Number of protein chains: 2
Amino acid sequence: MAQNKKHEFEKSEIEFADFAKALSHPARVAIMKALAKKNVCICGEIVEELPLAQSTVSQHLKELLNAGLIKGSVDGTKSCYCIDRKVFNKFSKSFNAFFLLTQEKE
Amino acid sequence: MAQNKKHEFEKSEIEFADFAKALSHPARVAIMKALAKKNVCICGEIVEELPLAQSTVSQHLKELLNAGLIKGSVDGTKSCYCIDRKVFNKFSKSFNAFFLLTQEKE
DNA sequence: ATAGTTTATCGTAAATATACGATGAATAGA
DNA sequence: TCTATTCATCGTATATTTACGATAAACTAT
């Protein structure tokens, strides 16, 4: 873009948008669902479930990490990922607040 | 991208991601908040509230329209927008289901 | 030591998103 | 009719995202 103006918005709006962005690709939604189902997943398992190359999955995992939605740890040659529930719950609340905001007033 | 693979995911995951994408820019979050506050807004009012050019705001409004989150109507030379609560509530439910899914099992 | 496994990162190509000014189309008001 | 207002759309520049193969780094097992 000619110039990025995202920083000129309210902090809460930027945070909310960043969270939404983390979930704006079906691969990342699928990863979150897989992590939710198994609680902990190694990278290879996720790669097998998705119709994407290993390097692409790694890239999506990195984005979820950057957004803070998941945590990663290393076990030998394998990488284990799980949902960061503390951060995730915070965003869940922020979403609920947003939805409430848009409800019709009586 | 070399090739778009989004369509290879589950329909529900694609829908969810599309909704998240609609809210993945602070300008669009700010627009939704403005519409929620006033119930109905004319385009010009929104442009005044945002630090963006009129054409850029129009573009963001179009994306929210495409996602189905808002509805638009014309009144003389003015354009009026409001939240499409039916669609919005559907997505709200879909978000809640997603959040529930990720909760720790006992 | 050597070979195999696993995964992050690099380089790159192509698609999409963001932003603006200019323009055009439609209406309102003089 | 002429002018002003409002807003969508077009064209365009630049940034970001998505995707892959190749490679490197770190560990495991032989």
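So you know, we letter chains A, B, ... as the sequences are listed, proteins then strands, and number each from 1. Bear in mind that the values here come from a model prediction, so they are computed numbers and not experimental data.
- Between F9(A) and L50(B), some side-chain heavy-atom pair lies under the 4.5 Å cut-off.
- Comparing atom distances between the K78(B) side chain and each of dT16(C), dA19(C), dT6(D) picks out dT6(D) as nearest.
- Under the 30°/60° scheme for interplanar angles, the aromatic rings of F19(B) and F91(B) are found to lie parallel.
- Under the 30°/60° scheme for interplanar angles, the aromatic rings of F95(A) and F16(A) are found to be tilted.
- Rounding to whole angstrom units, CD1 of residue I70(B) and C1' of dA8(D) are separated by 13 Å.
- When all heavy atoms of L23(B) and V29(B) are compared, the pair lying nearest together is O-CG2, 3.5 Å.
- In terms of modelled atom types and a separation under 3.5 Å, the side chain of R28(A) and the main chain of H60(A) share no donor-acceptor contact.
- Residue Q59(B) is in base contact, counting any heavy-atom pair closer than 4.0 Å across all strands shown.
- Under 4.0 angstrom from either OP1 or OP2 of dT6(D) there lies no side-chain N or O belonging to S79(B).
- Nearest-nucleotide positions on DNA chain C for L61(A) and K21(B) put L61(A) closer to the 5' end.
- Proximity note for S58(B) (side chain, C-beta onward) versus dT9(C), dA8(D), dT17(D): the nearest is dA8(D).
- Closest approach to the R28(B) side chain among dC7(D), dT18(C), dT18(D) is made by dT18(C) (side chain taken as heavy atoms from C-beta onward).
- To the nearest angstrom, P of dC20(D) lies 17 Å from NZ of K62(A).
- Rounded to whole Å, the distance from CD on E45(A) to C1' on dT6(C) is 13 Å.
- One can place OH of Y81(B) at 8 Å from C1' of dC7(D), the figure rounded to the nearest angstrom.
- The residue L52(A) sits close only to the backbone: its heavy atoms come under 4.0 Å of sugar-phosphate atoms, none of a base.
- Between K5(A) and dC20(C), a side-chain N or O to OP1/OP2 separation shorter than 4.0 Å is present.
- Rounded to whole angstrom, the span from the CD atom of E63(A) across to the P atom of dA8(C) amounts to 14 Å.
- Taking 4.5 Å as the limit, some side-chain heavy atom of I46(B) sits within range of a side-chain heavy atom of V57(B).
- Not one side-chain nitrogen or oxygen of H60(A) sits closer than 4.0 Å to the OP1 or OP2 atom of dT17(D).
- Considering every non-hydrogen atom in both C82(A) and V40(A), the closest pair reads CB-CG2, 4.2 Å.
- Residue I31(A) contributes atom CD1, which lies 13 Å from atom P of dT7(C) at whole-angstrom precision.
- To the nearest angstrom, P of dT18(C) lies 15 Å from CD of E8(A).
- Note on K21(A) versus E63(A): no salt bridge recorded, every NZ/NE/NH1/NH2 to OD/OE distance being 4.0 Å or above.
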All N/O contacts under 3.5 Å from nucleotides 21-28 of chain D to the protein, with atom names and distances to one decimal?
residue, atom, partner, partner atom, Å
dG21(D), N7, S55(A), OG, 3.3
dG21(D), O6, S55(A), OG, 3.3

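- Regarding contacts with the backbone of dA15(D), every side-chain N or O of K6(A) stays at 4.0 angstrom or more from both OP1 and OP2.
- One interatomic measurement links the two molecules: CD of E48(B) to C1' of dT5(D), which rounds to 13 Å at whole-angstrom precision.
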